[in-house]
Every structure is written in C-alpha cells, then in structure tokens.
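Below: the structure, in structure tokens.
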Amino acid sequence: RLEVFLLVLFPYVLFRFTGAFRRPARRLANGLIVLTVVLSIWTFALPSIPRSGEGWPPFFTGFVVLFALHWVALSAISAVRLWRAGTGLPTVSRRRIRLMAGGASALALALILAASSSHARNGVELGSQLLATISVATFLVGFSPPKLVRALWRRAEQERVQQAVLQLLTFAESQEEVAGRVLEPAAAIVGARALAIRNAEGRVVAAWNVPNGDRRALEEQEEPPRLWEDAEVLDIDFPGGRLVVWTSPYAPFFGAAALSLLQTLGALTGLALDRVRLYQAEHSARLALEGRLGEEAWLAGMNPDLPDD
C-alpha cells in the first residue's frame, strides 16, 4: 500500500514542481488536490490488492480507473507545461526540461499499457516495463545530467561567449558600441526575454526588448522594473557596470552553468566599458590640449612680441 501511495503522490509532486515556477490556475490546482487526497484515502481503504492473474473486484477496478485518470491527467499537464517552458531557453536548460517532459509522458503511457495488460503476462506488459525503465532514466538525466552530457550540450553557448569576447577585444569609440556587440550573445546564453547593460554611472548604454519607459525607469531607480508578471529578473553587478536580464522563471534552476557564463561575459564587458571610458577621457584631454596649443600658437602669431611660456 505504501508503494501504491507513493505512485499516487508522484504525478502530484511533479505538478507542484512545475507550479513552483509558474503558478497554475486556482481552480485547477484545487481540483487536483482534492483528487489526490481522495485517491490517497482510497489507497489505504482498499480491503486487499489482487495478485497478478487474479480477477479484479469492482472496488479495485474503480480504484484503478481513478488512479489511471489521476496519473495521466497530472502527467499530461506537467509534460505540456515543461515542454512549453523550454521554448526560448538555452540548449542545456531546454533539453533538460524537455527530457523531463518526455519522461513524464512516457511514464503515463507505460502505466496505461500496464493497466491494460494486468491480467496476463504478454508482450504489452513487457513493453510497458521497458518503457517505464527508459522513461525513468530519461527523467533522471533531465533532472541531473552527467557532466559529459552537460559539456556536449553547452558547446553552443560556449561558442557564443567566445565570439562575444572577440568582439569585446576589438576597438570601439563609445560604450554604446561595445555594449551593443554583446547584447545578442548575452541574451542567447540564458534565453533572455529582455536585457540591458548599465555603465558605472548607472546610464543604460545598450538595451534589447526593453520599452523606452522602462529604460528610463531603470536609469532613475536602483531596483529593475518587472517587465512581465512571471519574469525572473537577474541583476548582475560587475566592475564598471551592471547587467540586467529578464528571463524565464525556469532559467535560474535549470541554467546555472549558463548564468555562470553570463557572469563571465559581464565581467569582460565591464573591462571593455572601462577601457572605452579611459579612451574617451584621454581623447578629450588630447583634443583640449591640442586646442589650447593651437590657440596659443594663434595668439603668438597675432602678437609676435609676447614672451614664450
């Protein structure tokens, strides 16, 4: 009975896991809670659980029907939510989430096959067991991928970082120019919905998909505005500026490595912004000096009797 109870709880725990990132509708959540509680009570109220090959009494048949509906409904909802959540995310996060979605769907299918073949051992039952094993492995890989798998999936993001670093090393005359070079790679690394780069003075030197009103608010206030209700706001400080990213609520949990790459890119961007600031200061000082020397030369030409400094 304890094993059956754990099977009852598994799809609901998965549903709650997806709900931690994006809150479901209240009526749906309440209805699923009631269904889970009813099924849990029914599990311990069963007089007995038939053995393999035995006939099913009516009370157990009703339990199996409700159990299958409960599992399939929750697994389907969770799988759809996870699959949709992977849209727009970086490679590692997207594949992890969608592997979990596929694992949840396969487990539901394995349960249906197992229920339909419970009266006799045949190829369908063997197929359901194999499908359940594969789906569990898929779910576990999605939840915690091995390091080698992560490295293979991360190649695309690493290439984007390398391209961005090369762009930061090239000469730029303004902070807007150098910041604009890393907007697209930085957004792609974490699957950002919007992104802004601020310099050391707090001025927004580059932004992508940020409305003008929110861009002004970002310069005027310390706390970044929330552009979407479910957006996860990442405010990354680095020497020479700040990187503000609006991304999916799933990104911090499934994309920790991508966030680490983004922090590295932010630090390099800060160095590039500081280099441009120093260049502009030196360029302005040189122009001022040249102007002064030119003015003195002009005055000396107009007044030959003036003594030299």
Side-chain angles (χ1 to χ4, degrees), residues 88-90 154 156-228 231-248 251-252 255 257-298:
L89 291 180
R154 204 178 294 138
E157 280 70 32
Q158 289 176 338
E159 290 177 358
R160 292 190 182 101
V161 172
Q162 292 173 358
Q163 294 172 0
V165 170
L166 291 176
Q167 292 175 347
L168 289 174
L169 293 176
T170 57
F171 175 76
E173 293 186 352
S174 67
Q175 292 186 333
E176 288 78 5
E177 180 182 354
V178 71
R181 294 174 181 174
V182 298
L183 276 179
E184 183 178 352
I189 287 174
V190 292
R193 299 179 182 179
L195 188 144
I197 299 176
R198 304 171 65 181
N199 61 10
E201 292 75 31
R203 183 170 59 88
V204 177
V205 293
W208 171 74
N209 206 26
V210 179
N212 291 330
D214 292 307
R215 181 169 178 167
R216 289 192 295 270
L218 183 62
E219 293 182 341
E220 296 171 357
Q221 61 190 25
E222 186 69 18
E223 187 73 16
R226 187 171 293 275
L227 303 184
W228 295 274
E232 182 73 21
V233 183
L234 306 176
D235 195 358
I236 301 174
D237 286 318
F238 52 81
R242 296 170 65 181
L243 187 62
V244 184
V245 182
W246 292 265
T247 186
S248 164
L259 294 179
S260 178
L261 290 176
L262 186 63
Q263 290 173 345
T264 300
L265 184 59
L268 295 174
T269 302
L271 293 175
L273 291 175
D274 194 56
R275 186 182 68 241
V276 172
R277 181 185 61 81
L278 293 175
Y279 162 76
Q280 291 176 336
E282 186 272 337
H283 183 66
S284 299
R286 187 175 67 251
L287 291 178
L289 179 61
E290 291 176 353
R292 180 184 174 187
L293 292 177
E295 182 180 354
E296 291 179 353
W298 181 79

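This is a predicted model, so every value here is computed, not measured.
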Worksheet item: With a 4.5 Å limit on heavy-atom distance, are the side chains of Ile197 and Leu273 in contact?
Response: yes

Worksheet item: Which of these, Leu218, Val210, Asn212, sits in a side chain to side chain contact (heavy atoms under 4.5 Å, CB included) with Asp214?
Response: Val210

Response to the item:
Tightest non-hydrogen contact, residues Ala206 and Gly180, listed as CB-N, 4.0 Å

Worksheet item: Quick one: CG on Leu243 to CG on Leu265, what's the gap to the nearest 0.5 Å?
Response: 7.5 Å

Discussion item. Please determine whether side-chain contact (heavy atoms from CB on, under 4.5 Å) holds for the pair Leu183 and Leu195, giving the CA-CA distance in whole Å, both sets of side-chain angles, and the decisive distance to 0.1 Å.
Written reply: CA-CA 7 Å; Leu183 276 179; Leu195 188 144; 3.1 Å; yes

Worksheet item: When you look at CD of Glu184, are more than 12 heavy atoms from neighbouring residues, nucleotides or ligands closer to it than 6.0 Å?
Response: no

Discussion item. Using the side chain to side chain donor-acceptor pair (under 3.5 Å) criterion, which residues pair with Asp274? Sequence neighbours excluded.
Written reply: Arg277

Worksheet item: Is the shortest heavy-atom distance from the side chain of Val244 to the side chain of Val233 under 4.5 Å?
Response: yes

Discussion item. Give me each pair satisfying salt bridge (Lys or Arg N to Asp or Glu O under 4.0 Å) with a member in residues 201-210, each pair once, sequence neighbours excluded.
Written reply: Glu176-Arg203

Discussion item. If we check side chain to side chain contact (heavy atoms under 4.5 Å, CB included) with Val205, which of these qualifies: Asn199, Thr269, Val178?
Written reply: Asn199

Worksheet entry | Leu234 side chain near Trp246 side chain, heavy-atom distance below 4.5 Å | no

